[in-house]
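Comments concern the structure below.
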Amino acid sequence: MTKHHPRIVDLSETQPNRRRGGDLRAVLTPTSVGSTSGFMGLAVMAPGESIAEHYHPYSEEFVYVVAGTLEVDLDGETHPLRTDQGLLVPLNVRHRFRNVGSSEARMVFHLGPLAPDPKLGHVDTEEAPNPDATAWAERPPERTGAAS
């Protein structure tokens with residue numbers, strides 16, 4: 001068995017993934033730290049921005065909102081999700097997130113266990129909702145020490 005050493009990964013070392021909307025950053029992953037049970041990252045959404053509906057056939061998703069006001073649709077049912085609230089999205093539950101506030105929203109996510117192949121980890125059920133959000137997308141997420 002391969003032993004991995006602890007490694008700190010700075011958000012600036014990650015690449016944005018905007019395929020589903022928002023600015024999704026996979027921070028602690030099998031590639032970046034050698035994780036074997038799941039991966040963790042940060043989603044950043046501008047006001048009015050959203051992450052397209054999808055589901056995970058192999059992983060539960062743990063979400064924690066560190067800043068902003070969101071709505072989440074879970075199998076078509078809308079729920080408010082605000083700063084300092086967490087959510088467990090079970091296997092195969094369709095979900096999408098929307099920033100319904102007037103400021104940037106930040107959401108930490110963790111998925112586990114890992115899918116047998118990364119391509120099988122997410123199943124998209126709609127197109128990205130904000131393909132023209134390039135002005136926001138070009139700006140890297142601001143780093144702050146505390147949630148605003």
Validation row: [X], [Y] side chains within 4.5 angstrom (heavy atoms):
X	Y	value
Val33	Val9	yes
Leu87	Phe62	no
Val63	Phe97	yes
Val66	Thr83	no
Arg18	Leu24	no
Val123	Pro57	yes
Arg96	Glu126	yes
Ile51	Met45	yes

Using 0.5 Å steps for rounding, measure from the [atom1] atom of [X] to the [atom2] atom of [Y].
X	Y	atom1	atom2	result
Asp124	Tyr55	CG	OH	10.0 Å
Met40	Arg25	CE	CZ	13.0 Å
Asp23	Glu104	CG	CD	9.0 Å
Ser50	Arg20	OG	CZ	13.0 Å
Arg82	Leu70	CZ	CG	11.5 Å

Other residues, nucleotides, ligands: >12 heavy atoms within 6.0 Å of Leu88 CG: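 For Leu88, atom CG is crowded (more than 12 foreign heavy atoms under 6.0 Å).
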
Expected output: side-chain [X] to main-chain [Y] donor-acceptor under 3.5 Å:
X	Y	value
Thr125	Glu53	yes
Glu77	Leu74	no
Ser32	Thr29	yes

Would you say [Y] ends up clustered with [X] if hydrophobic residues are merged whenever their side chains have heavy atoms under 4.5 Å apart, either directly or through other cluster members?
X	Y	result
Val93	Leu120	no
Val108	Val44	yes
Leu111	Leu114	yes

His122 and His56 aromatic ring geometry - parallel, tilted or perpendicular at 30°/60° bounds: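 Aromatic pair His56/His122 classed perpendicular.
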
Ring geometry between Phe39 and Phe109 (parallel below 30°, tilted from 30 to 60°, perpendicular above 60°):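 Judged by the thresholds at 30° and 60°, the geometry between Phe109 and Phe39 is perpendicular.
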
Taking all atoms of both residues into account, what is the closest heavy-atom pair of [X] and [Y], and its distance?
X	Y	answer
Val27	Thr14	CA-CG2, 3.9 Å
Ala105	Asn99	N-ND2, 3.3 Å
Leu81	Gln85	CA-OE1, 3.6 Å
Ser35	Pro30	OG-N, 3.1 Å
Glu127	Ala52	O-CB, 3.5 Å

Between the side chains of [X] and [Y], is a donor N or O closer than 3.5 angstrom to an acceptor N or O?
X	Y	answer
Asp84	Tyr64	yes
Glu71	Thr78	no
Glu61	His95	yes

Lys/Arg N to Asp/Glu carboxylate O, Asp73 vs Arg94, below 4.0 Å: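 No, this pair does not count.
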
